[in-house]
Student: 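Starting off with a structure, shown below.
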Amino acid sequence: AASMAPPWSPRGQPQPSPPLSLPSVGTMGGGWQTPAAPGESYVEVMLQKDPTGEQRFGLAGVPANDNKDLLITWIDVNGLLGRWNRLNPDRAIQPGDWIVAVNSDSDRPEAMLAQLKRNSVQMLVRRANSPLGSAASIASASMPPMSPPPMEPLACGRQY
């Protein structure tokens, strides 16, 4: 039986390991790529308003403490994102998830908020259960549950 050669060079020195690379979550905005760290989960969402522009995406967000992402604080079940969630239940976006890019803008919350005023958006969303998104889970865990739930959800941040 042939044996496998050990990972040693002819001089008996260990060979260098290949460099580690983070998996890519995909491309946005014409080739923009975001690496995913181990344990992170991303969802790509594309929303399009009708030609009248009277529809709303149906979400509210505020800049994160690091001033790079947008924290989703509210989702209107009757908005376009609520509809997208119903059509994609396995990838549904929730309050507490983080928008990391809108169209070609990332790392600049004000620019991402400006993109949300357009009629068409492509968003990259990091799930709240990802390691970097856990701050929202911690913040919401310290709040007592409301019973009964309010008739109209309260939105924190600008609504789009």
Side-chain angles (χ1 to χ4, degrees), residues 19-50 53-160:
L20 294 175
S21 62
L22 297 175
S24 172
V25 264
T27 62
M28 287 187 56
W32 180 83
Q33 287 199 336
T34 295
E40 283 189 338
S41 173
Y42 288 85
V43 177
E44 195 168 331
V45 178
M46 293 175 34
L47 302 173
Q48 174 79 42
K49 294 179 184 176
D50 65 24
E54 293 182 19
Q55 290 177 309
R56 296 178 64 98
F57 293 127
L59 65 102
V62 295
N65 288 339
D66 67 1
N67 208 27
K68 290 187 177 201
D69 303 333
L70 293 173
L71 172 65
I72 298 173
T73 59
W74 171 79
I75 296 174
D76 180 356
V77 295
N78 297 313
L80 292 174
L81 184 56
R83 179 174 178 253
W84 188 92
N85 280 345
R86 288 190 298 280
L87 295 172
N88 301 277
D90 58 323
R91 300 183 296 148
I93 305 303
Q94 303 294 325
D97 289 345
W98 302 85
I99 299 172
V100 298
V102 180
N103 297 335
S104 59
D105 280 308
S106 63
D107 292 330
R108 299 178 321 149
E110 291 304 319
M112 290 190 281
L113 290 169
Q115 290 290 330
L116 288 170
K117 295 177 182 175
R118 302 182 80 179
N119 286 338
S120 176
V121 294
Q122 184 177 14
M123 300 185 297
L124 186 63
V125 179
R126 186 176 64 233
R127 306 309 308 252
N129 59 1
S130 293
L132 296 176
S134 60
S137 302
I138 294 167
S140 63
S142 64
M143 296 174 54
M146 293 181 6
S147 179
M151 295 300 288
E152 290 293 322
L154 298 175
C156 179
R158 298 183 203 159
Q159 295 182 20
Y160 296 90

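Note that the structure is a prediction, hence the values are computed from the model and not measured.
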Student: Return yes if some donor-acceptor pair links the side-chain N/O of Gln55 with the main-chain N/O of Asp50 below 3.5 Å, else return no.
Tutor: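 Yes.
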Student: If you compare all heavy atoms of Val100 against all heavy atoms of Ser106, which two are closest, and at what distance to 0.1 Å?
Tutor: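 Closest heavy-atom pair between Val100 and Ser106: O-CB, 3.3 Å.
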Student: Any side-chain heavy-atom pair from Val45 and Gln122 closer than 4.5 angstrom?
Tutor: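 No, every pair of side-chain atoms sits at 4.5 Å or beyond.
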Student: Taking all atoms of both residues into account, what is the closest heavy-atom pair of Arg86 and Pro89, and its distance?
Tutor: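 So the minimum-distance heavy-atom pair works out to O-CD, 3.6 Å.
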Student: State, to 0.1 Å, how close Gln115 and Asp105 come at their nearest heavy-atom pair, and which atoms those are.
Tutor: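 That closest heavy-atom pairing would be NE2-OD2, 3.1 Å.
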Student: What I'd like to find out is whether the side chain of Leu124 reaches to under 4.5 Å of the side chain of Ile99, using heavy atoms alone.
Tutor: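 Answer no - side chains too far apart.
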Student: Find the distance between CG (Asn88) and CZ (Arg83) and round it off to the nearest 0.5 Å.
Tutor: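 Answer for the CG-CZ pair, Asn88 versus Arg83, is 10.0 Å.
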Student: Is the shortest side-chain N to carboxylate O distance from Arg126 to Asp97 below 4.0 Å?
Tutor: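 Result for this pair is no, no salt bridge flagged.
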Student: Just by distance, do the side chain of Asp76 and the backbone of Leu59 share a donor-acceptor pair under 3.5 Å?
Tutor: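 No; judged by distance alone, with no hydrogens or angles, the pair does not exist.
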Student: Considering all heavy atoms of both residues, which atom of Pro63 and which atom of Glu110 are nearest to each other, and what is their separation?
Tutor: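 Looks like CG-OE2, 4.2 Å.
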Student: Checking side-chain contact (heavy atoms from CB on, under 4.5 Å) against Leu70, which of Leu113, Val125, Val62 comes through?
Tutor: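 Answer to the side-chain contact (heavy atoms from CB on, under 4.5 Å) test with Leu70 among Leu113, Val125, Val62: Leu113.
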Student: Look only at the side chain of Asp69 and the backbone of Trp98, and say whether a donor-acceptor pair between them is shorter than 3.5 Å.
Tutor: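 Between the backbone of Trp98 and the side chain of Asp69 there is no qualifying donor-acceptor contact (under 3.5 Å).
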Student: Mind running side-chain contact (heavy atoms from CB on, under 4.5 Å) on Met123 and Phe57 for me, showing each step along the way?
Tutor: CA-CA 11 Å; Met123 300 185 297; Phe57 293 127; over 6 Å; no
Student: Got a second to check how far Glu44's CD is from Arg91's CZ, nearest 0.5 Å?
Tutor: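 Glu44 atom CD to Arg91 atom CZ measures 9.0 Å (nearest 0.5 Å).
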Student: Flag the pair Arg127 / Gln94 as yes when at least one side-chain heavy-atom distance between them is below 4.5 Å, and no otherwise.
Tutor: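 They are in side-chain contact.
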Student: If every non-hydrogen atom of Leu80 is compared with every non-hydrogen atom of Leu47, which pair is closest and at what distance?
Tutor: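 Where Leu80 meets Leu47 most closely, the heavy atoms are O-CD2, 3.8 Å.
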Student: Spell out, as yes or no, whether a donor-acceptor pair under 3.5 Å connects the side chain of Thr73 to the backbone of Ala60.
Tutor: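 Yes; judged by distance alone, with no hydrogens or angles, the pair exists.
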Student: Kindly give the heavy-atom pair with the smallest separation between Leu81 and Ile93, and that separation in Å.
Tutor: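 Result for this residue pair: CD1-CG1, 4.1 Å.
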Student: Check whether any side-chain heavy atom of Trp84 lies under 4.5 Å from a side-chain heavy atom of Ile75, and answer yes or no.
Tutor: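 A side-chain contact under 4.5 Å is absent here.
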